[in-house]
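Worksheet for the structure shown next.
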Number of protein chains: 2
Amino acid sequence: MDQLLDILKKNQLSVTEGRKKILGLFLNSPGALAHADIEKNTDASFDRVTVYRTLQTFVDKGIIHNIPTTDNSILYALCKDNCEAGHHHDNHVHFICDVCDKTICMDHVSVPEIKLPKGFKQRQADVVISGVCSDCK
Amino acid sequence: MDQLLDILKKNQLSVTEGRKKILGLFLNSPGALAHADIEKNTDASFDRVTVYRTLQTFVDKGIIHNIPTTDNSILYALCKDNCEAGHHHDNHVHFICDVCDKTICMDHVSVPEIKLPKGFKQRQADVVISGVCSDCK
DNA sequence: TGTTTTTTTGCAACATTATTGCATTTTTCT
DNA sequence: AGAAAAATGCAATAATGTTGCAAAAAAACA
Ligand SMILES: [Mn+2]
Ligand SMILES: [Mn+2]
Ligand SMILES: [Zn+2]
Ligand SMILES: [Zn+2]
């Protein structure tokens, strides 16, 4: 309950209904959320635009990170590492279940080192694995 | 020149202007292409719908594969491995340059084995690395 | 090669998703 | 409480993706 305010304050964000509600969703969700999930779970009590802007703000501040997907959706999940404004270092693997379609942050599975050819400089690496999750197995 | 027909025939696709032109783009492009890139490079001589459908067809046949992105775009690139209809096995890492924004298939950098927690079954793994490419270095 | 059959295309209409400016409301600061 | 700053909702607009169907093109056939 306090955690919400904590996170917002720590990031110098004004505390608003929308931000509390949306951040709450992330804190309670086991997996990643898409824009559509958020609209659904808030009874459309916020304007679409507000949701877009809130998500963008959270990403900018390093509160959530987004997860690459092959289809055209953007998924967001809480940053559990120490991400800062404009500088994420989420080093974990993401898992998308083919059955239940949930996306899970595998916080304990870290992205392995990958050797790149000469001249390439790595800044960030995203690993997305799809298959069947432990619930659907 | 013949390569085009070869690929189309091998996949039992009728040879049309659109398919030839679009496949040609992929064969000549160093990096991945988005829908928008294709429209741009064809002088809009094809309907948008045709481009969508052609890309979908190529993916279905295993001629091109798509690459996960964090923004809301879908990128496509030639399958250089032996992909079959409905069954891709592109095992390589993708690199997105922060500077020139090109996406490159690193055909010689393969995706490392990743150990998942119990109960999770891996089907596919995508690795997308961003940073600075060798041209922009 | 000419004719039939099959496939692809373009168009139009529609749906979904995302962005921007601006006035109003809410939150924060003093 | 009042002033200043920030966030929100609304409306308009843009961008992106989907579908049905008739016309056109390609493939198959004779
Ligand atoms: Mn994550
Ligand atoms: Mn590739
Ligand atoms: Zn599952
Ligand atoms: Zn580059």
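A, B, ... follow the sequence lines: proteins, then strands. Residue 1 opens every chain.
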**Message:** Under 4.0 Å from a heavy atom of chain B: give me the 5'-most and 3'-most nucleotides of DNA chain C that qualify.
**Reply:** C/dT7 to C/dA18

**Angle by which the axis turns from one end of the helix from C/dT1-D/dA30 to C/dT30-D/dA1 to the other, five pairs per end, to 10 degrees** = 40°

**Item:** Selection: residues 39-51 of chain B, any non-hydrogen atom under 4.0 Å of DNA chain D
**Value:** B/Arg48, B/Val49

**Item:** Shared-cluster residues of B/Tyr52, by chain and number - hydrophobic side chains joined below 4.5 Å
**Value:** none

**Prompt:** Who passes ring-ring contact (aromatic ring centres under 6.0 Å, His included) against A/Phe46, sequence neighbours left out?
**Reply:** none

Donor-acceptor list for residues 129-137 of chain B side chains, cut-off 3.5 Å, not counting sequence neighbours:
from     : atom 1 : to       : atom 2 : distance (Å)
B/Ser130 : OG     : A/Arg123 : NH2    : 3.0

**Complete:** Across all chains, not counting sequence neighbours, the side chain to side chain donor-acceptor pair (under 3.5 Å) partners of B/Gln122 are none

Under-3.5 Å N/O pairs linking protein and nucleotides 27-30 of chain D:
from   : atom 1 : to      : atom 2 : distance (Å)
D/dA27 : OP1    : B/Val15 : N      : 2.7

**Request:** Among Ile, Leu, Val, Met, Phe, Trp and Tyr joined by side-chain contacts under 4.5 Å, find the other residues sharing a cluster with B/Val49 and list them by chain and number.
**Result:** none

**Fill in**
note: B/Arg19, atom CZ; D/dA24, atom C1'; distance rounded to Å ~ 14 Å

**Asked** Taking atom types as they are modelled, is there a donor-acceptor pair under 3.5 Å from the base of D/dG17 to the side chain of B/Arg53?
**Response** no

**Message:** The criterion is ring-ring contact (aromatic ring centres under 6.0 Å, His included); which residues satisfy it with B/Phe95, sequence neighbours excluded?
**Reply:** A/Phe120

**Request:** On DNA chain C, check which nucleotide each of B/Gln12 and A/His35 is closest to and give me the residue with the more 5' one.
**Result:** B/Gln12

**Message:** Could you work out, with salt bridge (charged side-chain N to carboxylate O under 4.0 Å, His left out) as the rule, every residue matching A/Lys118, not counting sequence neighbours?
**Reply:** none

Would you list the atom pairs, donor with acceptor, under 3.5 Å between side chains in residues 24-36 of chain B and any protein atom, with sequence neighbours excluded?
from    : atom 1 : to      : atom 2 : distance (Å)
B/Asn28 : ND2    : B/Gly24 : O      : 3.3
B/Ser29 : OG     : B/Gly31 : N      : 3.1
B/Ser29 : OG     : B/Gly31 : O      : 2.7
B/His35 : NE2    : B/Glu39 : OE1    : 3.4

